[in-house]
Amino acid sequence: LMTKEYFQLPTEDIDNYWTVFAPKIHEALTKADNDDYSLEGVYWRLKSNVLQLFFILNGDQLETMFVTSVTRFDKSAYLTPVFITSMNHKNKTNLKFLQSCLIEIAKQYGCNKIYGGGRKGWSRVLKKLGYKKETFMTLTLE
């Protein structure tokens, strides 16, 4: 029986493991058509702990990588999973396990909300996990 666990990659270890995680972060950026971040920008945000990198091990297998950010307001603090990607497409993480990781991380960072989103198909999945749709619209300035 393999045990799944998640770990945060400490900021001081980002350089040691960047070659492992950078291709997956790049893949997540490309797949999501995310033009808000550059790979270099993600690297520097991880190094300065503006973003946090976590990974899930299933036994000794690197299964999933996810990057989060924390945003604090006067009455709320949000944990936002920015990127989530499988490290091995044959071995996908159970979403309920990932959700339990995110809840635990949110509590560790003093967050009382998790803000999630992504490609269109994720809305059905997130609803099943208890997420509610809130109005969020974006105006892109030229």
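Every value quoted in this text rests on a predicted model; they were computed, and no experiment measured them.
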Of the non-hydrogen atoms in Phe97 and Ser100, which two are nearest, and what is the gap between them? O-OG, 2.6 Å

Starting at OH of Tyr115, measure out to NZ of Lys113 and round the result to the nearest 0.5 Å. 12.0 Å

Please answer: with hydrophobic residues joined when any side-chain heavy atoms are less than 4.5 Å apart, are Ile105 and Leu95 in the same cluster? yes

Identify the two heavy atoms, one from Leu79 and one from Leu102, that lie closest to each other, and give their separation to 0.1 Å. CD2-O, 3.4 Å

Would you call Val82 and Leu51 a side-chain contact if the rule is heavy atoms closer than 4.5 Å? yes

May I ask whether Leu39 and Phe55 are part of the same hydrophobic cluster, defined by side-chain heavy atoms of I, L, V, M, F, W, Y residues being less than 4.5 angstrom apart, directly or through others? yes

In terms of heavy-atom contacts, Leu29 and Tyr37 come closest through CD2-CB, 3.6 Å

First locate atom OG1 of Thr30, then atom CG of Asp35, and finally report the distance between them rounded to the nearest 0.5 Å. 11.5 Å

Rounded to the nearest 0.5 Å, how far does CD of Glu5 lie from SG of Cys101? 10.0 Å

Say you draw a straight line from OH of Tyr78 to OG1 of Thr71; how long is it, rounded to the nearest 0.5 Å? 9.5 Å

pair Ile84-Thr64: side-chain heavy atoms closer than 4.5 Å: yes

Keeping the roles fixed (side chain from Lys24, backbone from Ser86), state whether a donor-acceptor pair exists under 3.5 Å. yes

Tyr109 atom OH, neighbour heavy-atom count above 12 within 6.0 Å: yes

Just checking, any donor-acceptor pair under 3.5 angstrom between side chains of Tyr6 and Glu104? yes

Side-chain touch Ile25/Thr85, heavy atoms, less than 4.5 angstrom: no

Under 4.5 Å between side-chain heavy atoms, hopping through other hydrophobics if needed: is there a path connecting Val50 to Val67? no

CD of Gln52 to CD of Gln108, rounded to nearest 0.5 Å, is 11.0 Å

N/O donor-acceptor pair under 3.5 Å between Asn58 side chain and Lys4 backbone: no

Give a yes or no on whether Trp44 and Val20 share a hydrophobic cluster (residues Ile, Leu, Val, Met, Phe, Trp, Tyr; joining criterion: side-chain heavy atoms under 4.5 Å apart). yes

To the closest 0.5 Å, what do you measure between CD1 (Ile56) and CG (Leu98)? 5.0 Å

Applied to residues 39-51, the salt bridge (charged side-chain N to carboxylate O under 4.0 Å, His left out) test, sequence neighbours excluded, yields Asp15-Lys47

Ring pair (Phe, Tyr, Trp, His ring centres under 6.0 Å), paired with Phe54, selected from Phe21, Phe66, Phe83: Phe66

Contact summary for Gly110 and Arg72, nearest pair of heavy atoms: O-NH1, 3.9 Å

Taking every heavy atom of Asn112 against every heavy atom of Lys75, the minimum-distance pair comes out as ND2-O, 3.6 Å

Identify which one of Leu9, Leu46, Asp13 satisfies the side chain to side chain contact (heavy atoms under 4.5 Å, CB included) criterion when paired with Trp18. Leu46

